[in-house]
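Heads up, the thing below is written out as structure tokens.
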Number of protein chains: 2
Amino acid sequence: MRPLFHPPLEHITIEAVLHALSDPVRVAIYAQIVASSCSQSCSKFLKVKQKAIPKSTLSRHFKALREAGLIQSERRGVEMHNISRCPELNNRFPGLIPAILNAYHVQMKSKMPAGNAAKRKPARRAK
Amino acid sequence: MRPLFHPPLEHITIEAVLHALSDPVRVAIYAQIVASSCSQSCSKFLKVKQKAIPKSTLSRHFKALREAGLIQSERRGVEMHNISRCPELNNRFPGLIPAILNAYHVQMKSKMPAGNAAKRKPARRAK
DNA sequence: TCGATAGTTCTACTATTTGGAACTATGCAA
DNA sequence: TTGCATAGTTCCAAATAGTAGAACTATCGA
């Protein structure tokens with residue numbers, strides 16, 4: 001299996017970080033990883049906000065977070081342990097991650113009328 | 001011509017804001033609009049960082065910024081006047097925009113080796 | 001060695017983005 | 001007025017990116 005790629009701190013771009021967190025599922029996953037004290041496996045997120053996420057999609061979401069430099073993933077036995085690279089990132093872009101997470105929580109608290117936070121509809125597959 | 005849509009403050013989502021600013025051209029345009037004291041027309045940006053931007057693409061970039069709630073656009077005669085909604089936005093998501101702009105400037109100052117900040121290659125058109 | 005579990009890759013399909021061409025709206029000069 | 005230049009939008013086709021089911025790989029524990 002291909003080794004996991006993690007960008008070095010100085011190659012992390014603001015565009016990649018914002019892109020990774022502009023997806024409602026990914027920002028929810030990331031917020032939970034940051035909030036938890038211990039590392040999180042991918043499969044903890046097979047449901048995100050009452051919505052089932054196919055595991056292939058979940059895998060790609062984690063890859064996106066990892067390659068944007070937001071999380072550090074490590075294979076431990078059969079599962080993956082994910083932790084945030086928050087302290088490191090805060091060194092490169094001071095205050096960025098806290099501000100984004102704060103904004104995310106502000107939005108969650110204001111409980112949008114009918115879950116209209118999604119940026120777009122997911123691709124639908126033909127049967 | 002269709003009237004310009006501007007989302008009310010409370011409908012602005014963190015996902016839409018991050019998505020709008022995850023494009024290297026849009027974040028550059030937005031940074032310049034925020035930095036300038038007077039309103040900017042779209043056509044001021046037909047070149048962004050030495051790169052020519054087709055005006056149809058530029059038009060869509062401004063629409064994206066507008067509909068994400070980042071800028072306020074007003075038609076004045078033949079041109080459009082664009083100003084940032086920064087103060088308003090800072091009320092909904094405190095510290096978010098300053099942190100993003102700061103990160104953008106940090107990255108610009110560190111002058112990446114060969115302009116590799118782009119999130120992806122642009123679509124190439126067949127001849 | 002078998003089976004279960006966790007995650008990745010392949011693949012076909014859908015959604016979004018791009019940029020040239022055509023179009024719309026406004027201003028200005030004759 | 002008409003004519004035309006300027007500024008921006010919309011249409012269209014092509015390209016890129018994202019989705020999820022199926023098949024696959026890797027590890028663990030009987």
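Lettering follows sequence order; numbering is per chain, from 1.
- As a whole-Å value, the separation of B:Asp23 CG from C:dT17 P is 9 Å.
- Put simply, CZ on B:Arg75 is 9 Å from P on C:dA25, counting in whole angstrom units.
- Residues from residues 52-61 of chain B placing a heavy atom under 4.0 Å of any atom in DNA chain D, listed by number, are B:Lys55, B:Ser56, B:Ser59.
- Which of D:dT9, C:dG19, C:dT8 sits closest to the side chain of B:Lys51 comes down to C:dG19.
- B:Ser36 pairs by the side-chain contact (heavy atoms from CB on, under 4.5 Å) definition with B:Gln40, not counting sequence neighbours.
- Non-hydrogen atoms lying under 4.0 Å from DNA chain D are contributed by B:Ser41, B:Cys42, B:Ser43, all within residues 29-46 of chain B.
- Between D:dG8 and B:Arg66, no contact under 4.0 Å exists linking OP1 or OP2 to a side-chain N or O.
- The stretch residues 28-48 of chain A participates, sequence neighbours left out, in these ring-ring contact (aromatic ring centres under 6.0 Å, His included) pairs: A:Phe45-A:Phe62.
- Among pairs with a residue in residues 57-69 of chain B, those fulfilling side chain to side chain donor-acceptor pair (under 3.5 Å) read B:Arg26-B:His61, B:Arg66-B:Ser73, at least two apart in sequence or across chains.
- A close approach under 4.0 Å does not occur between any side-chain nitrogen or oxygen of B:His81 and OP1 or OP2 of D:dA7.
- Protein atom CZ of B:Arg26 is 11 Å distant from nucleotide atom C1' of C:dT16, rounded to whole Å.
- The distance from atom CG of B:Leu96 to atom CG of A:Asn102, rounded to the nearest 0.5 Å, is 8.5 Å.
- At whole-Å resolution of the value, CG in A:Asn82 and C1' in C:dG7 are 11 Å apart.
- Here the C1' atom of nucleotide C:dA6 and the CG atom of A:Leu4 are 13 Å apart, to the nearest Å.
- Other residues sharing the hydrophobic cluster of B:Phe5, ordered by chain and number and joined by side-chain separations under 4.5 Å: none, the residue standing alone.
- Residues satisfying the salt bridge (charged side-chain N to carboxylate O under 4.0 Å, His left out) criterion with B:Arg85, sequence neighbours excluded, are B:Glu88.
- The interatomic distance linking B:Glu79 (CD) with C:dT26 (P) rounds to 14 Å, in whole Å.
- Here the shortest heavy-atom pairing between B:Ala64 and B:Ala20 reads O-CB, 4.2 Å.
- B:His81 is linked by a side-chain contact (heavy atoms from CB on, under 4.5 Å) to B:Ser39, B:Arg76, B:Glu79, counting only residues two or more places apart in sequence or in another chain.
- Other residues sharing a hydrophobic cluster with A:Leu4 under the 4.5 Å side-chain heavy-atom criterion for ILVMFWY residues are A:Met80.
- Going from atom CD1 of B:Ile71 over to atom P of D:dG8 covers 11 Å, rounded to whole Å.
- The interatomic distance linking A:His19 (NE2) with D:dT16 (P) rounds to 16 Å, in whole Å.
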